[in-house]
Number of protein chains: 2
Amino acid sequence: MPHKRRAKTHIKMQMSRQDIEQSLRDKGLQPTLQRVGICQFVLCMADHPTAEDVHAWAEQNLGKISLATIYNTLGSLVDVGLLRELKFSHSEKSIYDNNLDEHHHFFDVKTGLIHDIPVQNLELSMNLGKPFKVEGYEILLKGTVKP
Amino acid sequence: MPHKRRAKTHIKMQMSRQDIEQSLRDKGLQPTLQRVGICQFVLCMADHPTAEDVHAWAEQNLGKISLATIYNTLGSLVDVGLLRELKFSHSEKSIYDNNLDEHHHFFDVKTGLIHDIPVQNLELSMNLGKPFKVEGYEILLKGTVKP
DNA sequence: GCCAACATTAGAATGATTCTAAACTTAGAA
DNA sequence: TTCTAAGTTTAGAATCATTCTAATGTTGGC
Ligand SMILES: [Mn+2]
Ligand SMILES: [Mn+2]
Ligand SMILES: [Zn+2]
Ligand SMILES: [Zn+2]
């Protein structure tokens, strides 16, 4: 049964430039200007952005930057585990998730926005045949969110 | 709570050529040779095939056929509700589902196969904040299936 | 048989993402 | 410092599933 109390929701990590540079070094990535800039957005400000979103922000805030760099950087961040890559049926674009806690998602069909749902807020019970060995599951809720 | 008894699983509809032709007419689609052939596979034999799978079967069993026809036909079948189109995160390709009952899916990480899970076999309870109005959900289980 | 509507087709176009190969930049070592 | 190798960025080409285009073929009712 789900908890009665509302679970504390993921709070966006507030990181200084130095924190970001250190995180990158810790993961074996050089803290280049482009990477640090992209991280500021993708780790601290953005909410499930697409590569296109990241590129738009970067062009606006860091000056001209190649789309290849956006993809390279997002790919590296995913590889070292600072970011997750998700794909949903309603779009062909990947979205990047800075919430590293295990969680599910809610798709707002009106706005197209994705909201995080903490695992504690959902409970799944299953009754499958013996042959099925479940190792994990993803739940995508769909609906609308009140203003 | 999930039922104790195992739900009867979706049985693949066995349709004669005539049945298929009638279904197509009923939906306002001309029962062309290509369409009927594709339906034989995609409605009666296949299990979550990709467009590529359908094309391979069709080339093999119907003779030369354009990929565009495969996509056109699958699209029409989806439009009239004889088929569903699904996309999963683990692949960029759409898969087509002839199970029209509401159901969830199990992804076998070893074989890459998708299995249907009747809705009665899963029960989801949720405890979300007031602003969320849930209109539906998709559950994707992942794991392996015993031989 | 004739025609308009509908289908099929080859190949071009699209769009997200990845690759290529050249030009930069960086971190150390000397 | 200077040098160099490794790592990074970049423009543009390539990839791949899917959609579009526009020409050709087929059908069903008259
Ligand atoms: Mn990736
Ligand atoms: Mn489609
Ligand atoms: Zn998330
Ligand atoms: Zn299915």
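Note on naming: letters A, B, ... go to the chains in the order of the sequence lines (proteins, then strands), and numbering restarts at 1 for each one.
Listed nucleotides C/dA10, D/dT10, C/dA7 differ in distance to A/Ser66; the shortest reach to its side chain belongs to D/dT10. Counting only heavy atoms from C-beta on, A/Gln30 has its side chain closest to D/dG7 among D/dT18, D/dT10, D/dG7. The side chain of B/Thr73 sits closest to C/dT8 out of C/dT9, D/dT10, C/dT8.
If you take NZ of A/Lys93 and P of C/dT18, they are 14 Å apart, rounded to a whole angstrom. Rounded to an integer number of Å, the gap from CG of B/Leu24 to P of D/dT26 is 19 Å. Separating the NZ atom of A/Lys87 from the C1' atom of C/dA16 is a distance of 10 Å, rounded to the nearest angstrom. Taking atom CG on B/Leu62 and atom C1' on C/dA7, their separation rounds to 15 Å, with Å as the unit. Remark: C1' of D/dG28 and CD of B/Glu21 are 15 Å apart, rounded to the nearest angstrom. Protein atom CG of A/Leu74 is 15 Å distant from nucleotide atom P of C/dA16, rounded to whole Å. Atom C1' of nucleotide C/dT9 and atom CD1 of B/Ile65 are separated by 10 Å, given to the nearest angstrom. Going from atom CG of B/Leu29 over to atom P of C/dA5 covers 18 Å, rounded to whole Å.
Side-chain nitrogen and oxygen atoms of A/Arg35 include none within less than 4.0 Å of the OP1 or OP2 phosphate oxygen of D/dG7. Residue B/Tyr71 places no side-chain N or O under 4.0 Å from the OP1 or OP2 atom of D/dT19. Here A/Thr32 does not reach the OP1 or OP2 of C/dT25: none of its side-chain N or O atoms lies under 4.0 Å away. Of the side-chain N and O atoms in A/Gln34, one or more sit less than 4.0 angstrom from OP1 or OP2 of D/dT9. Phosphate contact (OP1/OP2 of C/dT9, side-chain N/O of B/Thr69, threshold under 4.0 Å): present. At the phosphate of C/dA10, OP1 or OP2 sits under 4.0 Å from a side-chain N or O atom of B/Lys64.
Using cut-offs of 30° and 60° on the angle between ring planes, the pair B/His104 and B/Tyr137 is parallel. Ring geometry, B/His105 versus B/His103: the interplanar angle exceeds 60°, so the pair is classed perpendicular (tilted spans 30 to 60°).
Nucleic acid contact class of A/Leu67 (heavy atoms, under 4.0 Å, all strands): base. Counting any heavy atom pair closer than 4.0 Å across all strands shown, B/Ser94 reaches sugar-phosphate atoms only and no base atom.
At a threshold of 4.5 Å between non-hydrogen side-chain atoms, the residues A/Val145 and A/Phe106 count as touching.
Rounding to the nearest 0.5 Å gives a distance of 10.5 Å between CG of A/Leu62 and OG1 of A/Thr69.
Closest-nucleotide positions on DNA chain D for B/Ile95 and A/Pro31 were compared, and the one nearer the 5' end corresponds to A/Pro31.
Between A/Lys142 and B/Glu138 there is a salt bridge, since a side-chain N of the basic residue sits under 4.0 Å from a carboxylate O of the acidic one.
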